[in-house]
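Below is one structure, written out as structure tokens; comments come after it.
Naming convention: chains lettered A, B, ... in sequence-line order (proteins, then strands); numbering from 1 in each chain. Model, not experiment: these values are computed from the prediction. Keep in mind that the numbers below use all heavy atoms, side chains included, and drop hydrogens, waters and symmetry copies.
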Amino acid sequence: MSLGDTKSPFDSEEDPMTELKRYFAPTSLDQAVECLKGGNVTILAGGTDLTPQSQAGRIKFRETLMNIRHIPQLSGITLEGNEIRIGALATITEIMEHPLVRQHLPVLVEACDHFASDQIRNAGTLGGNICNASPAGDTLVPLLVLDACVELASMPEAKLYRHCMPISTFFTGPGKTRKSLCELVTGVRIPVPSPDHRSRFYKHGTRPALDISTISIGIAGDIKDGVISNVRVAFGAVAPTPLRATATESALEGRHLDAATIEAAAVAARDEVNPIDDVRATAWYRREMIHNMTKRVLENVAQA
Amino acid sequence: MNVAEKKHRVIEPDSLIGKRIPKMDAPDKASGRTRYIHDINLPGQLHGKILRSARIHALIKSIDTSAARALPGVHVVITAADIADQRPIGVAKDHFPLKVGRVRSQRDEIAAVAAESEEIAEAALKLIKVEYEDLPVIGNPEDSIKPGAVLIHPEPHGADGTHLHLKQGTSIAHKGKPDNVAMRFDYTHGDVVHGEAESDVVIEDTFKLHYVTHCCMGVSGMIAEFDAGGNVLMYSNTQVPFLHKREFAEYLNIDPARIRSRKDGTLTFRQVHTLHDNGAYTSWGATTPFVMMQTFSSLYRVPHCDYHTAAVYTNNPYAGSFRGYGNLQATFAIEQHMDMLAETIGMDPLEFRMKNAQEAGEVTGQGMSFKSCGFKDCIKTAAGRSDFSRKFAENHANQKKPGNIKRGIGMASMLHVGGGAKIYPSDGCGTILKLDDFANVTLITGASEIGQGSETVLSQLVCEELGLPISAVTVVNNDTAITPWDVGVHASRTTFVAGNSAIGAARKAKSKILAVAAKKFDCTEADLDLRGGFVIRADSGEALVELSKLLRNLHFQDKAELVMTTFYYEPPSVHQDKGFKGDVSAAYAWGTQVVEVEVDTDTGFIKLLKVTGAHDVGRVLNRLGIEGQIEGGVVMGQGYAFTEDLMIEDGKMKNPNFRDYKLVTAPEIPEMDIAFIESMDGEGPQGAKGVGEAPAICMAAAAANAIANATGTRLFELPFTPEKVYRALHGQAPKRYWKPWKAE
Ligand SMILES: Cc1cc2nc3c(=O)[nH]c(=O)nc-3n(C[C@H](O)[C@H](O)[C@H](O)COP(=O)(O)OP(=O)(O)OC[C@H]3O[C@@H](n4cnc5c(N)ncnc54)[C@H](O)[C@@H]3O)c2cc1C
């Protein structure tokens, strides 16, 4: 199948679903993307989303089930120049415990600390959380406020092709991303934040462990002399995708974190989210929580 | 040991009662060795699958099973049409195992397949074609009783009188209902009109309750086989093996209650109306008013009481029984009203309760006779240990102060049957006991072990009589071909009823042994006792002979004899009369729980800080077991109060998974301080009463009172999820039914 073919899986999210026929566990990135060429492949990482989804009949396996856990290029957490690279196979536990992450990206540690349970954290991967593209995915909000890029690999012709995409443009809807069926996520790249950088994550659920976010909030910025700049705000579970909150950001950018600014930002936040009613909460309650907790997080940052 | 030494050996008195004894089944459970129904596989067994309704409420126009029958590997496909004499099940016999002509709720059974593998059976289900004609769906009980509502059971069904093989023939037929009312209960004592005239203060409120379900480790199932003699052998998981009844567990009622008192704090009358969502068929849920009315009429002294209720059909899943059997719901209303009344007349809530609490010796308007009653001790102990009065006043003063974190403390108490409940013709239990030549005991009891620890407690009671270590006992309790009658594991009755039965059998064995020993040692039976595996002199404790040796002597002689006894215990309780009056239990259990919470008014999130409980348990038999029972019950009550909610919309379950049906997880479990009040019940085994259901009952009511103490806001609807609390705090009506997933 060439790139020019209108039915190419490179172009569309169309699902050529068939019965599972083949299991494949590549040991190199080249083997993996070669296998992905036809597009009729289900990728398996930790399986913590895939297994319950297939058991509930919400997804069907494609012809080939490809276990990516033996590809060395997908693991590890490293400092590369001014960027921290986290491999797609890094588990939530590995991320939480890694010294580079703990030192530079505490907001990601905070999110991981509210993620599922130990058992799920030991199996679930960052790549899986990103590709599952749930509006409530807990690492996605911190990755948005950290301005992460998603690394993608594919083999459009005979050669390995790799490129990066800002995570703020990666998600298109619940479970939907710009990644084509022939692409593999190999990791994320996060610029090392400046020394003035401050960031916070808040997850609202009904219980301390094993809960899907009702809403989540990430706020990051550089704070100097009480003024916040380079502000990035993101919200989870309040729109079809995890959301960069640009109106809230403008309400804060370059301002003193005083009571008036904080209230204005909280109101902007409430007005720019677009939540739904579901079994976890109503849209009304989600908006209220976005307002109240954005305010609380900002007050907390201002006091620190 | 030589004879000279043995003569001088003195055995000190010892008792197993009140000790911490690990449950006999704990090692198997903890190591995963316990076999549940799905662990059993018989050679050559077929696999059954059930086709469930694709509609909530519809007429079945046709069922075509031909393709399914033709599938290789399928042995049989049955529908209602294949069973000429299908017998309806359930409390009102309104429920066919395989539905005839109509489906009335989600997951109604239409056809059953038996095939050589699960996969083949599953594939066969897909080949069955059913044509439906949809009927309007009744999704809540208010709609069910509206004039013109679609009828759910209009047609007669069941035996038509020709089912002679069933003997009961006509009595099992369901005649069809001209309205949607499945059952009514009307209860009165005193004269509420008179009570009303005497009252200074009235409060009246409506409480709405949610559906919850038991979440068992082992899921339901059944395996059956014929033995060579043609007998059916069935393996199933049930708490009532002798009744073979099926129980399911959701429950809802709407419960407007009026309660009045005089200004001096004396309750004058109580009037309650409840509307119960029965679901599509009548199971045990419809009978929970039996228990609810005990709380309304008799938890506190109330001279005039009036209670009317109806359980009505809807197209929701049918309601069964749940730990506490309606008492969580009744207590939720009653105990909130106790706080509200106290506040209205300006009385301390503790003092108000003490003033109206029942005492030993009282016979209530409903005819319950409280021979032992530790109620006031429960209130005092729970309040004292939690420093209730100081905290209550302090929190109340803090309500209006700035800050979004508020603390609250609340209390609730309960009354529940603790000596069985005579709801069937028999509330008894039989025991067969035998001692072998080595003084090992086999205790054959009708009482099932369903995880509550009855094997351990029954063994303790037997050992206490026979002076043997607990390791000497083997309990047989799981085969109806062997064990004697027991009505079932319900009504918190096993320790009390099966315990008294086991003691009876053990005492008969003991007196036979002592009679033999008295002859041998030329004294009277009263001079002797059994202790530490020996026959001893009662006064000095001097060991006379090893019990095992005495038993062997008895056995291996010319007039050989074995020690085998039987005993049947029927508690001295009575059936209620037509007006629901009578002393239905041989003893009553009491308890008070104090709940402390922290409310975040910005989110509605509640942190459960501490539960202080005081329970009148009669007497502690196995301390480890009763601690586990109470703590587990508190956690179950916590789930009922805060997190568990079976969301049903138009007859469909919205959260049929443990992601969205939220059981309490370990980090949420609060600190607990549990005290036991030992009222030493005269009829109870070693003084004990049943406590199986008791600990789950108070939590929701106490939590509601704690939230009111923290915030000044009353919640009349369960569960207290963050959103529900937040809405109440911000004057928004609770939102009960949830829209399905769809983007705005
Ligand atoms: C009990 C439980 C609790 C949970 N709690 C939380 C929680 O609190 N917060 C939260 O955010 N999530 C939670 N989850 C969801 C899940 O654990 C996470 O989304 C996890 O990060 C998924 O990673 P995985 O490796 O298991 O993904 P998998 O299940 O292996 O894959 C998920 C999806 O991503 C695709 N995929 C995986 N890796 C790649 C790749 N490198 N390139 C391309 N496609 C890929 C797969 O094909 C699949 O579609 C929970 C799940 C369970 C079962």
Side-chain angles (χ1 to χ4, degrees), chain A residues 48-49 52-53 55-58 113-114 116-120 134-136 173-176 202-215 217 237-241 266 273-297 299-300, chain B residues 122 126 403-405 600-608 638-639 641-649 652-670 719-744:
Chain A
T48 61
D49 275 319
Q53 283 167 9
Q55 300 256 327
R58 273 186 289 135
D113 199 22
H114 289 91
S117 62
D118 284 345
Q119 293 90 327
I120 300 290
S134 160
K176 295 209 166 76
Y202 169 79
K203 172 172 174 171
H204 186 82
T206 57
R207 62 187 181 200
L210 274 172
D211 208 2
I212 307 295
S213 291
T214 305
I215 61 143
I217 298 174
V238 290
T241 66
V273 296
N274 182 22
I276 57 165
D277 287 349
D278 64 19
V279 292
R280 284 186 274 284
T282 62
W284 177 82
Y285 180 71
R286 287 191 157 102
R287 278 185 206 278
E288 289 286 299
M289 290 308 102
I290 287 289
H291 173 272
N292 295 355
M293 299 322 283
T294 297
K295 190 167 159 185
R296 189 180 288 183
V297 171
E299 281 168 356
N300 187 285
Chain B
E122 189 72 53
K126 298 212 174 91
N404 60 289
I405 302 292
D600 183 340
T601 57
D602 283 349
T603 58
F605 194 84
I606 294 176
K607 204 157 144 192
L608 183 56
Q638 177 185 3
F642 293 102
T643 63
E644 295 181 44
D645 189 5
L646 207 74
M647 301 171 184
I648 295 169
E649 188 179 75
K652 281 198 202 89
M653 226 176 282
K654 308 304 286 181
N655 57 339
N657 57 62
F658 288 116
R659 186 189 65 189
D660 296 324
Y661 183 91
K662 288 189 164 138
L663 288 173
V664 170
T665 59
E668 294 158 86
I669 295 175
F720 305 141
T721 57
E723 174 157 1
K724 196 160 296 138
V725 174
Y726 185 82
R727 278 180 180 272
L729 292 174
H730 293 79
Q732 295 270 331
K735 194 163 170 180
R736 184 167 190 82
Y737 298 103
W738 308 84
K739 280 192 221 147
W741 265 103
K742 68 176 185 312
E744 264 179 351

Can you tell which part of [X] gets under 4.5 Å to a heavy atom of chain A, answering side chain, backbone, both or neither?
| X | value |
| --- | --- |
| B:Phe642 | neither |
| B:Thr643 | neither |
| B:Asn657 | neither |

So how far is it from [X] [atom1] to [Y] [atom2], rounded to the nearest 0.5 Å?
| X | Y | atom1 | atom2 | result |
| --- | --- | --- | --- | --- |
| B:Arg659 | A:Ile212 | CZ | CD1 | 5.5 Å |
| B:Arg727 | A:Thr282 | CZ | OG1 | 4.0 Å |
| A:Arg280 | B:Glu723 | CZ | CD | 12.5 Å |
| B:Glu668 | A:Leu210 | CD | CG | 9.5 Å |

**Prompt:** With a 4.5 Å limit on heavy-atom distance, are the side chains of B:Asn404 and A:Arg296 in contact?
**Reply:**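 SC-SC contact between B:Asn404 and A:Arg296 confirmed.
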
**Request:** Over all heavy atoms of both residues, which pair between B:Leu663 and A:Arg207 is shortest? Give the atoms and the distance, please.
**Result:**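 Scanning both residues completely, I find the closest heavy atoms to be O-NH1, 2.7 Å.
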
**Residue pair A:Tyr285 / B:Pro722: nearest heavy atoms and the distance that separates them** =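 The answer is OH-CB, 3.3 Å.
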
**Prompt:** For the candidates A:His291, A:Met289, A:Lys295, which exhibits the highest count of non-hydrogen atom pairs separated by less than 4.5 Å from chain B?
**Reply:**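 Most pairs with chain B among the choices: A:Met289.
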
**Prompt:** Looking at A:Thr214, A:Asp211, A:Thr206, which one has more heavy-atom pairs under 4.5 Å with chain B than the rest?
**Reply:**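 That would be A:Thr206.
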
**Asked** Would a distance-only check, ignoring hydrogens and angles, find a side-chain to backbone donor-acceptor pair under 3.5 Å from A:Asn292 to B:Asp602?
**Response**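 Checking the backbone N and O of B:Asp602 against the side chain of A:Asn292, a donor-acceptor pair under 3.5 Å is found.
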
